[in-house]
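To start, the structure itself, in structure tokens.
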Amino acid sequence: MSGNPSPQLTRRQFDFVGAAVFAATLAHAPHLPFVVTLVVDAILALAMWRKHRNLPALAGPVKLALIAIFVLSLLIEYRNPFGREPGSALACAMLALKLLETRARRDALAAICFASFTLMSALLFDTSLVFTLTAFLGAILLLAALREIELPAITLPMQTNSLMATYGPSLRLGAMSLALAAPLALCGFLFIPRMQSPLWRTPDGADGRSGLSDTMSPGSVQRLLLDDSAAFRVGFDGALPPRSQLYWRGPVLTDFDGATWRRHESNLPANALDSFATGDTVDYEITLEASDKPWLFALDLPIQTSADTRRDRDMSLTRRQSTTAPLRYRVRSALRYRLDANLSPQQRETALALPSDFNPRSQRLGTQWRHDLHDDDAIVQAALDLFHASFYYTLSPPPLGRDSVDDFLFDTKRGFCEHYAAAFVVLMRAAGIPARVVTGYQGGYFNRVGNYLLVRQSDAHAWAEVWLAARGWTRVDPTAAVSPARVQLGAQAVASGERAWYRADWLLALRNQADLIDRGWNNLVVQFNTQRQQALLGPLGIERIDATTLIWLLIGTGCVLLAGATLWTMRAARQRALPIDIAYDALCRKLARIVAPRGVNEGPCDYAARVQASGALGAARAIEVRALFERYVSLRYARALASPAEIQSFVRSVQRLRFATRN
Amino acid sequence: MSISLASHPPPSSLDTDLAAALSAALRQVNRVVFGKAAQVKLAFACVLAGGHLLIEDLPGVGKTTLAHALAATLGLSFARIQFTADLLPSDILGVGIYERADGSFKFHPGPLFAQLVLADEINRATPKAQSALLEAMAEHQVTVDGATHSLPEPFFVVATQNPLDLAGTFALPDSQLDRFMLRIGLDYPDHEAERALLAAEDRRELIAQLAPCLDGVRVVALREATTRVLASPALIDYVQALLAASRRHADIRIGLSPRAGLALLRAARAYALIDGRDYAVPEDVQAVFAAVAAHRLTPAATSDITRNDLAAQLLARVPVR
């Protein structure tokens, strides 16, 4: 970097840039291997140390060697140089190396630019509210460093040792810049056309469209619960059934191999005679979004459907082909029903099957219940009581081992619908009650204006059905036992006393609150996709909006914001200006057209002399203009306080001054 | 350079006689020092503002001639101190000498006890001798052997230094430079002026023949009149903007102090008085700015820009109207 005209960085400026770079790499620490973070930090520390010792820049070959070592070790660590993790590790490493050669202002600007990119890319890994706020802190540091480089603080050799007094002003300015950028960022957030699917989710799993699948293993529903896109919409012919009845039946999973629940292969067509409505029926029309899956959803329990849909023995609806485009179909459902009053031995066998070498503790518990309680209803109640007593609902449960149900029931005790449904069914089967998992959706959002119910992917749910002798297949939702509203969860200290503090009431309430906030953040910001963008403009009467319109909206709103900011700034400046200054500026503008503009640092006497010397004004005009300048100088400089009347008179004189346009 | 808008009558604070004497004095010095009207005007502004003058330039461009011409024209008692490496403070201030008659020490004043003192080649003396002079300049009095002796009024020091003559010099530190209200350079005369200089008679003889236009009492009166020149709020705003800009400038390590601001205002007032106005305008500030500010600016270590260029940059950047 020798011979670089760019000014050298002071130590203070370098410290700021170093801190900003450190923050950017720190944002990647959670998902990078510990070793990578360690090496990156070591390089940063080395760069800081070298700057503080005033050591010269590293030689080119040394830098090249460092880069080669890094790329090689990343290749060894990841094997594959493409993808998010290797990419972010490489970005962090290069950023740290950049600091090692940063000497001049130009380098620092490049480093800050790249650090901004690195910081932003950390959001590819974690979009939670807390992490985003942390990233904002990093952005403030970056802006403060930028400010330090552009406008170095006046550092008098005084004893301003207070950390806040030394670094505060720059940090405050960084925060202010970030806040000032917020309206424009919001405008971009709302109006930049969205991709149909989030950009960065695709390389993670090539799952194309999301939707319920016909298998369930720990964690499979979780992804759906964070996905806010629509699953289907329902228009009811009559009134909306009560919310607690809104169980949208999807694939029914009967086979369990210890890890995964699957549909039972040899399903026979439903025997309509065995199931019948015992109450009112509801008629409705469903518009299903494209799901690339063959199954349809209907309210428990569909008793009459369109001709081209197939109803299985377990009352799940399927089509011959996958639904690749939005599909509309009509269903009649019975909210009160009796399904399979009699169970065939074959059905009974599949509904009781449990892999014998999995989940021994759960099986023992089920057997014990059967022995202690005898009554099926009591056993169901015992399971629900167990959940209600010491489990709680979370979307981020700890990982489970091989005996997933055992781990969940006896160790972690935290999970969401699929955990509860699976554990409940395993317990029931162990106690000798035929049971199966039903997947689908629960609830929905009723749009009063459109008079339809919107069911989102995040409404995905899994519950259980048990077969009771008098009632046939009966729906039991163990999740509801745990968390009717998730918040009012009563967590009693576990009998064993294990991690009692962790389940303290206040902590639990706090965590539930935090979960709700996070969910709100997810709903409002992270999941803001094409549909939501469309919905946002719905109230304005814009039904469908394409990318071009959105871009125009973006440009329009951006212009309005910028114009507003400019006007505001100008108004603020004008409010400070005195009438005499405004009039003098007007005089100079008029003369600028005839003679020459006044230099920004040209005093009135100098300018007046220049105007006179130019001879561009006629003799009479020259005298008039000269008199105006004399009055101005006299008002502004020859007296401590000019009277408003005199100023007003001067203002009027300037207004009266008119020049014929130059020909 | 400022151009008067109208032929102003002499300021009300200045009687006609005094104003005429002032302009006669200016004309006379300009007759002796050719082609240096701007510097002569600044030197007069320095006298009127009650500051001290530092002339910094190459040998032989007329520093001493200017000082001599000033002394002769202003009608002040004159003393010259040639600074050398072995100069002692007592050589400047004076000494107490034992009087056998009454057995006491009698103070024999040094060359400093004159109204106009020319301190020639000030940077050739040791810091000890330099600071003896500079303290006297600041205090307008001298303390020797525990007795304080006031210096005559008016008291005006013109110091010269050769910037290039590095061997055997002791550069004045920034804090000492600050004692000089104005620092001017003379530079080579232009072609015309040099021609006239070579053709004309010897400067020394010319100076010897000069008749004083002013005297000590009148200089003091002019100084009083200077303090009555109006600096309007708008003008003070401008001075403040200049000070603030010097503190924000990226290439300036230490900006202008409030004392520099005061000096700027006083010099601008004096400049306005010389132009025959009883109020100062921004052009006055601009005319004296480089002379007042340049030697008080400390460039940043990383910058190789000169002090004069920094002053020019500040003037160019700060808007005025």
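Note that this is a predicted model, so its numbers are computed, not measured. Chain letters run A, B, ... following the sequence lines, proteins first, then strands; residues in each count from 1.
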Is there a side-chain contact between [X] and [Y] (heavy atoms, below 4.5 Å)?
X: A/Tyr637; Y: B/Arg277; value: no
X: B/Val281; Y: A/Val633; value: yes
X: A/Asp606; Y: B/Gln286; value: yes

*Taking atom CG of A/Leu180 as the centre, report whether more than 12 heavy atoms of other residues, nucleotides or ligands fall under 6.0 Å from it.*
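Check passes, neighbour count above 12.
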*Identify which part of B/Ala231 has an atom lying under 4.5 Å from any heavy atom of chain A, answering side chain, backbone, both or neither.*
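For B/Ala231, there is no contact with chain A at all, as no heavy atom is under 4.5 Å.
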*Calculate, to the nearest 0.5 Å, the distance between atoms SG and CG belonging to A/Cys605 and B/Asp275 respectively.*
9.0 Å
*Can you tell which part of A/Glu602 gets under 4.5 Å to a heavy atom of chain B, answering side chain, backbone, both or neither?*
backbone
Please confirm whether the backbone N or O of [Y] pairs with a side-chain atom of [X], one donor and one acceptor, at under 3.5 Å?
X: A/Asn601; Y: B/Pro319; result: no
X: A/Arg639; Y: B/Tyr279; result: no
X: B/Ser232; Y: A/Ala638; result: no

*How close do A/Tyr584 and B/Arg321 get, heavy atom to heavy atom, and via which atoms?*
CE2-CB, 3.4 Å
